Amino acid sequence: MLTGKQKRFLRKHAHHLTPVFQIGKNGLNENMIEQIDETLEKREVIKVSVLQNNFESKEDLAEQIANGTDSYIVQIIGNVIILYRESNEYKQIDLP
């Protein structure tokens, strides 16, 4: 689990990032979770945008992604989910 200090640090780090994935009316599928998993390995922190035409709750989608990729939900703000997972090969971020 992430501490409040670590979440603040990651939010600051993710502020300038643009969403890498968009979840639309077709929802979340296994292929998308695999792609998010690979991207988290390379970037450690990513943003996922939930489009207006998706009717699932953002919290449920965030939980599904976090469970499928073994990552942490840093924040859900508006229609954007920020996720973090420490990389094994491409470690760039040192948490406080």
Side-chain angles (χ1 to χ4, degrees):
M1 207 61 210
L2 295 172
T3 65
K5 186 175 186 178
Q6 290 170 330
K7 285 184 179 183
R8 279 193 306 278
F9 176 81
L10 290 169
R11 282 196 304 262
K12 179 180 154 192
H13 185 79
H15 178 73
H16 71 282
L17 300 177
T18 55
V20 182
F21 293 96
Q22 294 180 334
I23 301 172
K25 66 180 175 184
N26 296 332
L28 197 59
N29 58 38
E30 196 61 39
N31 186 33
M32 186 177 281
I33 289 178
E34 288 176 19
Q35 290 177 348
I36 292 172
D37 191 47
E38 291 170 8
T39 306
L40 276 168
E41 177 59 31
K42 292 181 181 155
R43 298 188 183 193
E44 293 187 306
V45 174
I46 64 167
K47 285 183 177 179
V48 177
S49 177
V50 180
L51 300 179
Q52 295 289 334
N53 61 0
N54 186 293
F55 298 110
E56 293 183 63
S57 82
K58 294 177 281 290
E59 291 78 14
D60 288 345
L61 289 170
E63 282 294 323
Q64 289 176 30
I65 297 170
N67 291 336
T69 60
D70 196 29
S71 60
Y72 296 104
I73 301 167
V74 176
Q75 185 180 33
I76 301 171
I77 183 163
N79 289 329
V80 177
I81 303 166
I82 302 173
L83 299 164
Y84 167 77
R85 185 182 73 206
E86 186 174 333
S87 175
N88 295 324
E89 289 184 43
Y90 306 98
K91 182 146 176 57
Q92 302 167 355
I93 300 172
D94 290 320
L95 290 178

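Quantities reported herein were computed from a predicted structural model and do not represent experimental measurements.
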Original post:
Leu40 and Val45: side chain to side chain contact (heavy atoms under 4.5 Å, CB included), yes or no, with the steps?
Top reply: CA-CA 6 Å; Leu40 276 168; Val45 174; over 6 Å; no

Side chains of [X] and [Y], heavy atoms from C-beta outward: is any pair under 4.5 Å?
X	Y	value
Asn79	Lys58	yes
Glu56	Leu61	yes
Leu10	Leu95	yes
Ile65	Met32	no
Leu17	Ile46	no
Phe21	Thr39	yes

Give, for atom [atom1] of [X] and atom [atom2] of [Y], the distance between the pair rounded to the nearest 0.5 Å.
X	Y	atom1	atom2	value
Leu28	Ile23	CG	CD1	5.0 Å
Lys47	Ile77	NZ	CD1	8.5 Å
Glu41	Glu86	CD	CD	10.0 Å
Tyr90	Asn88	OH	CG	11.0 Å
Ser71	Ile81	OG	CD1	10.0 Å
Ile36	Gln64	CD1	CD	10.5 Å

Original post:
Taking the inter-plane angle between the rings of Phe9 and His13 on a 0 to 90° scale, is it parallel (under 30°), tilted (30 to 60°) or perpendicular (over 60°)?
Top reply: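 Rings of Phe9 and His13: parallel, under 30°.
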
**OP:** Count the heavy atoms of every other residue, nucleotide or ligand shown that sit under 6.0 Å from CZ of Arg43, and state whether that count exceeds 12.
**Re:**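 Counting other residues, nucleotides and ligands, CZ of Arg43 stays at 12 neighbours or fewer.
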
Subject >> Flag if over 12 foreign heavy atoms under 6.0 Å of NZ, Lys91 >> reply: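 Yes, NZ of Lys91 has more than 12 neighbouring heavy atoms, counting only those of other groups under 6.0 Å.
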
Original post:
Which atoms form the tightest heavy-atom contact between Ala14 and Ile82, and what is the distance?
Top reply: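 Where Ala14 meets Ile82 most closely, the heavy atoms are CB-CG2, 3.8 Å.
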
Subject >> Nearest heavy-atom neighbours spanning Pro96 and Lys5 >> reply: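 Between these two residues, the closest heavy atoms are CB-CE, 4.1 Å.
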
Verify, without hydrogens or angle tests, whether [X] (side chain) and [Y] (backbone) share a donor-acceptor contact under 3.5 angstrom.
X	Y	answer
Glu38	Gln35	no
Asn53	Lys25	yes
Arg85	Tyr72	no

Original post:
Under 4.0 Å between a Lys/Arg side-chain N and an Asp/Glu carboxylate O for Lys42 and Glu89?
Top reply: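 Salt bridge between Lys42 and Glu89, a charged N being under 4.0 Å from a carboxylate O: no.
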
Original post:
Step by step, would you call Ile73 with Leu2 a side chain to side chain contact (heavy atoms under 4.5 Å, CB included)?
Top reply: CA-CA 9 Å; Ile73 301 167; Leu2 295 172; over 6 Å; no

Subject >> side chain to side chain contact (heavy atoms under 4.5 Å, CB included) evaluation trace for Ile76 with Glu59 >> reply: CA-CA 8 Å; Ile76 301 171; Glu59 291 78 14; 4.1 Å; yes

**OP:** Verify side chain to side chain contact (heavy atoms under 4.5 Å, CB included) between Gln22 and Val50, making sure each step is shown before the conclusion.
**Re:** CA-CA 6 Å; Gln22 294 180 334; Val50 180; over 6 Å; no

Original post:
Would you say the side-chain atoms of Ser87 and Glu44 include a donor-acceptor pair closer than 3.5 Å?
Top reply: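 The criterion, which ignores hydrogens and geometry beyond distance, is not satisfied for Glu44 and Ser87.
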
